[in-house]
Number of protein chains: 2
Amino acid sequence: MQKHEISDCLDPFIQVCKNFDLKITPQRCAIYKKLMRAKNHPTADEMFNIVKKEFPNISYDTVNRTLLTFAEIGLVDIIPTKGGPRRFDPDMDEHHHFHCLDCGKIVDFSSDEFDNLGIPDHIQDDFTVFTKRVVLNGLCKKCRKKRGLKDRIIVT
Amino acid sequence: MQKHEISDCLDPFIQVCKNFDLKITPQRCAIYKKLMRAKNHPTADEMFNIVKKEFPNISYDTVNRTLLTFAEIGLVDIIPTKGGPRRFDPDMDEHHHFHCLDCGKIVDFSSDEFDNLGIPDHIQDDFTVFTKRVVLNGLCKKCRKKRGLKDRIIVT
DNA sequence: CTTTTTGCAAAGCGTTTGCATTGAA
DNA sequence: TTCAATGCAAACGCTTTGCAAAAAG
């Protein structure tokens, strides 16, 4: 039904599915393609609305379950958040996060210094570490400005 | 009703409440005391069950709302998690977290190297950073052992 | 006496489950 | 033909809201 069929760059995805005995369904391919293109950190619902445009019959449920499956096989990360709907991070390369305490926005950034951090010995004794991430909390430009006007509590 | 009344070490707490125009209620005091004593990262429900023992008439709702209020005024942190109930962290000193991917356990640890990390300049331009934390993901000893036996997918 | 806070109950939101149907292999 | 994946709907868990009654300052 599409112009350039299944030929975007799905080969690695197909390989991963095979490795994990997952069937290559058109829904999964559609979700994967849109996910890889996502620049922010979409929720299941946001992904559902994006994929639905090209796949009107897909259910929210399939999108949600597929994203969880992708997380299980290491195609996406689930971002730890302080609440609200789950957010998925399609960037699996090492990177770090800034969270805005007011609007909740999550911003990716890179830092060689952070990437090069070692894992403390006393941690390695008791735990096997797969990933490491520095998480910064604060205020984005917009919210910093807003706070100046609002009489809101400053959380230190 | 209690042996050593309101005299544990609530003075700083009372001061903070006054600063934020919050009334000093027995519920808030009870929750605060138990919270400061909590060694893990309790959920609202866990705190409710703890406080209920000494305060049988307290409602879950008061505990939950109080914890959120405490978070607002900087007496506790809300720990970002990948799902499940919200967890509160009573330790407001700089420290770092290890998350077990299988059992979800969160372990605190200290690291001078991590504490001494600078914030990248390009971040400081656009964001005001309040806190910084290194988050490690992996497997705790118990779950590492379990995985050896279970035929479970290894993430990463 | 005024204004918060509490407790309760209902509503809300996002996630998860069960199951019949569909579709990939 | 077989077994996993899908879509739908209902159930679930946790969080939030609204409001009358109680309590703090």
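Each chain gets a letter, A, B and so on, in the order its sequence line appears, and its residues count up from 1. Bear in mind that the values here come from a model prediction, so they are computed numbers and not experimental data.
Within 6.0 Å of atom CG in A:D125, more than 12 heavy atoms from other residues, nucleotides or ligands are found, so the atom counts as buried in its surroundings.
In terms of phosphate contacts, B:R86 brings no side-chain nitrogen or oxygen within less than 4.0 Å of OP1 or OP2 of D:dC14. Checking the phosphate oxygens (OP1, OP2) of C:dG7, a side-chain nitrogen or oxygen of B:S59 falls inside 4.0 Å. Under 4.0 angstrom from either OP1 or OP2 of D:dT6 there lies no side-chain N or O belonging to A:Y60. Between A:R65 and the phosphate of C:dG18, there is no side-chain N or O to OP1/OP2 separation shorter than 4.0 Å.
Rounded to whole Å, atom C1' of D:dC14 lies 14 Å from atom CG of B:L67. Atom CE in A:M47 sits about 17 Å away from atom P in C:dG14, given to the nearest Å. One atom, CG of A:D45, and another, P of C:dG12, lie 17 Å apart when rounded to the nearest Å. At whole-Å resolution of the value, CD in A:E72 and P in D:dA4 are 15 Å apart. One can place CZ of A:F48 at 14 Å from C1' of C:dG14, the figure rounded to the nearest angstrom. A straight line from CZ of A:F20 to P of D:dA4 spans 17 Å, rounded to a whole angstrom. Nucleotide C:dT4 holds its P atom 18 Å from the NZ atom of B:K18, rounded to whole Å. Spacing between atom CZ of B:F55 and atom C1' of C:dG7 amounts to 11 Å, rounded to whole angstrom units.
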For nucleotides 9-13 of chain D, give me every protein contact, N/O to N/O, under 3.5 Å, one pair per line with atom names.
{"residue": "D:dA9", "atom": "N6", "partner": "A:D61", "partner atom": "OD1", "Å": "3.4"}

Under 3.5 Å, which protein N or O atoms sit close to an N or O of nucleotides 22-25 of chain C? Give each pair with its distance.
{"residue": "C:dA25", "atom": "OP1", "partner": "A:I24", "partner atom": "N", "Å": "3.2"}

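In the helix from C:dC1-D:dG25 to C:dA25-D:dT1, the rotation axis of the first five pairs and that of the last five pairs differ in direction by 40°, rounded to 10 degrees.
A 4.5 Å side-chain heavy-atom check between A:H97 and A:I79 finds at least one atom pair inside the cut-off. B:I78 is not listed as a side-chain neighbour of B:D89, based on a closest heavy-atom distance of 4.5 Å or more. Side-chain contact between B:F98 and B:I106: absent, with no pair of heavy atoms (C-beta onward) separated by less than 4.5 Å.
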Using the rule given for side chain to side chain donor-acceptor pair (under 3.5 Å), can you reason through B:T128 versus A:R144, listing the C-alpha separation, both sets of side-chain angles and the distance that settles it, and then say yes or no?
CA-CA 8 Å; B:T128 303; A:R144 193 197 311 158; 2.7 Å; yes
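Residues A:I31 and A:M47 approach most closely at O-CE, 3.8 Å, considering heavy atoms.
Among residues two or more places apart in sequence or in another chain, the ring-ring contact (aromatic ring centres under 6.0 Å, His included) test is passed with A:H122 by none. By the salt bridge (charged side-chain N to carboxylate O under 4.0 Å, His left out) test, B:E94 pairs with B:K132, sequence neighbours left out. With sequence neighbours left out, B:F88 forms a ring-ring contact (aromatic ring centres under 6.0 Å, His included) with no residue at all.
Considering CD1 of B:I14 and CD1 of B:I24, their distance stands at 5.5 Å, rounded to 0.5 Å.
Checked against the 6.0 Å centroid threshold, B:F70 and B:F13 count as a close aromatic pair.
Among the protein residues, A:N64 comes within range of the nucleic acid bases, having at least one heavy atom under 4.0 Å from a base atom.
No salt bridge links A:E54 with A:K33; every basic N to acidic carboxylate O contact stays at or beyond 4.0 Å.
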